[in-house]
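Nothing fancy with the numbering, it's 1 onward along the sequence.
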Amino acid sequence: MSISKQEFARRRKNLMALMEPGSIAIIPAAKMVSRNSDTEYPFRQDSDFYYLSGFDEPDAVLVLLPGRANGEVVLFCQDRDPAMELWTGYRAGPDGACANYGADDAFPIADIDDILPGLLEGRQRVYYAMGRHTEFDQQVMQWVNVIRSKVRTGAQPPGEFLDLDHHLHDLRLYKSAAEQKVMRRAGEISAAAHCRAMRLCRPGVFEYQLEAEILHEFGRNGARYPAYSSIVGAGKNGCILHYVENSCEIRDGDLVLIDAGCELDYYAADITRTFPANGHFSPEQRALYEVVLDSQKAAIATIKAGNHWNQAHDATVRVITTGLVNLGLLAGEVDALIASEAYKPFYMHRAGHWLGMNVHDVGDYKVGGEWRVLEEGMAMTVEPGIYVAPDNLNVDAKWRGIGIRIEDDVVVTKTGCDILTAAVPKEIDEIEALMAEARLAAH
């Protein structure tokens, strides 16, 4: 485990310090999900639950009780069952939850209906992510109703439900030194995977074969799963933002857009690179690529503590709109084109998103109606793109079907930002050199 027990404990303390007096927080773990018949998807713990506990088993509930004399951290989890463990692997059990995960008290999950109403009683406020887990919502209300049914005998049910996400997701927005270390390693592994795909790409290779090379590089470095479904789009498929079929043959003259990142110890990387299948950019591909790359550099230059979230996006819009005018894909005054969003058919998404335990990580982009001011330790992607639809009859045919995106992961610092994914080339000369070197080695 790359995050220490002390850091998990500190996270719980930080959250409890933000909670109102006389409150309780209830956080459920993820459940196993059936894939088909008697097969299940690989288990992946709920990010909020893992962030606070480090506990990676299903069917568990974390309860935080600030100020409770008998211990503030209570974990309900599956009991030890040697017969079941023979089939499904070892469990920590309540004893392990206390010894290894910092719980003050732990109980079998089977006993939660008997114990949790007692923990709720006398607490005025419940922090809980209502509406996210329908079945669990009903269970929480049943526990509250148990106390309500005893009001005449002096029981005190909680009177207020508060959204847990507001405080918890704000904490998750700031990445500690340990978190940044994991994210940097995830970025390095993902960068190596992109380089591997560039080296092995040839006309005649299929998109799924490059995807397989990427997954192989992830797995051999200890990141067994991608952080999201890998996108390998050749030619016009690169113009589909969430293309995941990855089923087509790559042809001579195609650009290949790969958007892929691994998940390592619950932290995501997210990289996009676009390169020519035959190792050489055509004049049109080169011209559009340089506009996207310039826009990404302009965006990265705006990212530092004290600047606001949207400055990076605004920078990409200006560079891309100017570039499209210079190349003749748009006509008019740049300011007027930006105001009317004339660039949107070519650049329809935002320049980035928060990054962390989720690829599109938690955290507000606006605070009090204003764009959020960037602070040290925030992690984000920077991913401008230009996509010329194959059927866009408003532009010269030579531009159609070209899709380009360039994406890196950065962490905000006092004076700028730290690029976690710099190990994969993005300059045209560097990409062409890497691919030429690989072909030379292959002969």
**Message:** Counting only heavy atoms not in K426 (residues, nucleotides, ligands), do more than 12 fall under 6.0 Å from its NZ?
**Reply:** yes
**Message:** Quick check: do P28 and D46 have side-chain heavy atoms less than 4.5 Å from each other?
**Reply:** no
**Complete:** K175 and A379 have their tightest heavy-atom pair at CG-CB, 4.0 Å
**Item:** Ring geometry between Y50 and F8 (parallel below 30°, tilted from 30 to 60°, perpendicular above 60°)
**Value:** perpendicular
**Message:** Within the supplied structure, the quantity of interest is the number of heavy atoms (other residues, nucleotides, ligands) at a distance under 6.0 Å from H308 NE2; does it exceed 12?
**Reply:** yes
**Item:** Closest heavy-atom pair and its distance - P117, I112
**Value:** CD-O, 3.9 Å
**Prompt:** Do the side chains of Y289 and L255 get nearer than 4.5 Å, heavy atoms only?
**Reply:** no
**Prompt:** Is a side-chain donor or acceptor of E407 paired with a backbone partner of D259 at a separation under 3.5 angstrom?
**Reply:** no
**Request:** Check each of R273, R405, H194 against I258 using the side chain to side chain contact (heavy atoms under 4.5 Å, CB included) test, and report the only one that passes.
**Result:** H194
**N307 side-chain N/O to T302 backbone N/O, donor-acceptor pair under 3.5 Å** = yes
**Prompt:** Hey, is K181 close enough to D265 for a salt bridge, meaning N to O under 4.0 Å?
**Reply:** no
**Side-chain (E432) to main-chain (H280) donor-acceptor, under 3.5 angstrom** = no
**Request:** Return yes when atom CZ of F43 has more than 12 non-hydrogen atoms of other residues, nucleotides or ligands closer than 6.0 Å, and no otherwise.
**Result:** yes
**Message:** Show the nearest heavy-atom pair for residues G403 and T274, with the distance to one decimal.
**Reply:** O-CG2, 3.6 Å
**Exceeds 12 heavy-atom contacts within 6.0 angstrom, atom CZ of R439** = yes
**Message:** Tell me if a side-chain donor or acceptor on N221 pairs with a main-chain N or O of A223 at a distance below 3.5 Å.
**Reply:** no
**Request:** Carefully, step by step, assess L64 and V73 under the rule side-chain contact (heavy atoms from CB on, under 4.5 Å).
**Result:** CA-CA 5 Å; L64 301 179; V73 180; 4.1 Å; yes
**Asked** In Å and rounded to the nearest 0.5 Å, what is the CZ to CZ distance from R224 to F218?
**Response** 14.5 Å
**Message:** Between R184 and D418 (salt bridge meaning N to carboxylate O under 4.0 Å), is one present in this structure?
**Reply:** yes
**Prompt:** How are the rings of H133 and F136 set to each other: parallel, tilted or perpendicular (split at 30° and 60°)?
**Reply:** perpendicular
**Message:** Is any side-chain heavy atom of V291 closer than 4.5 Å to one of I320?
**Reply:** yes
**Request:** Check the side chains of D408 and T421 for a donor-acceptor pair under 3.5 angstrom, ignoring hydrogens and angles.
**Result:** yes
**Request:** Side-chain contact test, heavy atoms from C-beta onward, threshold under 4.5 Å: evaluate it for P94 versus P108 and give yes or no.
**Result:** yes
**R91/E85 ion pair, N-O < 4.0 Å** = no
**Item:** Side-chain (Q45) to main-chain (A30) donor-acceptor, under 3.5 angstrom
**Value:** yes
**Item:** I27 side, atom CD1; L75 side, atom CG - distance, nearest 0.5 Å
**Value:** 10.0 Å
**Asked** Should we say atom NZ of K13 is surrounded by more than 12 heavy atoms from elsewhere, each under 6.0 Å from it?
**Response** no
**Asked** Would you say the side-chain atoms of S190 pair up with the backbone N or O of G187, donor to acceptor, closer than 3.5 Å?
**Response** no
**Request:** Would you please indicate yes or no on a ring centroid separation below 6.0 angstrom for Y347 and H349?
**Result:** yes
**Request:** Take the angle between the ring planes of Y101 and F55 and call it parallel below 30°, perpendicular above 60°, tilted in between.
**Result:** perpendicular
**Shortest non-hydrogen separation from K236 to P390 and the atoms involved** = CB-CG, 3.6 Å
**Message:** Does R251 have more than 12 heavy atoms from other residues, nucleotides or ligands lying within 6.0 Å of its CZ?
**Reply:** no
**Prompt:** Under 3.5 Å, is there a donor-acceptor pair between the side chain of N145 and the main chain of M141?
**Reply:** yes
**Prompt:** Is the shortest side-chain N to carboxylate O distance from E263 to R44 below 4.0 Å?
**Reply:** yes
**Asked** Is E179 salt-bridged to R172, cutoff N-O under 4.0 Å?
**Response** no
**Heavy-atom closest contact (V292 atom, P384 atom, distance)** = CG1-O, 3.5 Å
**Asked** With a 4.5 Å limit on heavy-atom distance, are the side chains of R35 and Y41 in contact?
**Response** yes
**Stepwise side chain to side chain donor-acceptor pair (under 3.5 Å) test for H169 and D48** = CA-CA 8 Å; H169 291 174; D48 284 341; 3.0 Å; yes
**Distance-only side-chain donor-acceptor flag, E383 / H353, under 3.5 Å** = yes
**Asked** Strictly under 6.0 Å, is that where the ring centroids of Y228 and H242 end up?
**Response** no
**Message:** Check whether E7 reaches the backbone of S4 with its side chain - one donor and one acceptor, N or O, closer than 3.5 Å.
**Reply:** no
**Asked** Side chains of D137 and Y128: is there a donor and an acceptor less than 3.5 Å apart?
**Response** yes
**Asked** Distance only, no hydrogens: is a donor on one side chain within 3.5 Å (strictly under) of an acceptor on the other, for S47 and N358?
**Response** yes
**Message:** Rounded to the nearest 0.5 Å, what separates atom CD in E213 from atom OG in S230?
**Reply:** 12.5 Å
**Asked** Is the gap between the ring centers of Y225 and Y266 under 6.0 Å?
**Response** no
**Message:** What verdict does the side-chain contact (heavy atoms from CB on, under 4.5 Å) test give for L18 and L171, after you've listed the backbone C-alpha separation in whole Å, the side-chain angles of each residue and the deciding distance to 0.1 Å?
**Reply:** CA-CA 10 Å; L18 295 170; L171 290 173; 4.1 Å; yes
**Message:** Less than 4.0 angstrom from a charged side-chain N to a carboxylate O is my criterion; do R12 and D104 meet it?
**Reply:** no
**Message:** Using 0.5 Å steps for rounding, measure from the CH2 atom of W87 to the CG atom of D81.
**Reply:** 13.0 Å
**Asked** Do the non-hydrogen side-chain atoms of R68 and R123 ever get within less than 4.5 Å of each other?
**Response** yes
**Message:** Do I26 and L116 have side chains that approach each other closer than 4.5 Å (heavy atoms only, starting at C-beta)?
**Reply:** yes
**Prompt:** Is any side-chain heavy atom of Y387 closer than 4.5 Å to a side-chain heavy atom of L257?
**Reply:** yes
**Request:** For D105 and V74, indicate whether the former's side chain and the latter's backbone hold a donor-acceptor pair under 3.5 Å.
**Result:** no
**Asked** When you look at V205 and L200, which way does the side-chain contact (heavy atoms from CB on, under 4.5 Å) test go after all the steps?
**Response** CA-CA 9 Å; V205 165; L200 294 168; over 6 Å; no
**Request:** Could you tell me whether the side chains of N14 and H167 share a donor-acceptor contact shorter than 3.5 Å?
**Result:** no
**Request:** Could you tell me whether a side-chain N or O of Y243 sits under 3.5 Å from a main-chain N or O of A234, the two making a donor and an acceptor?
**Result:** no
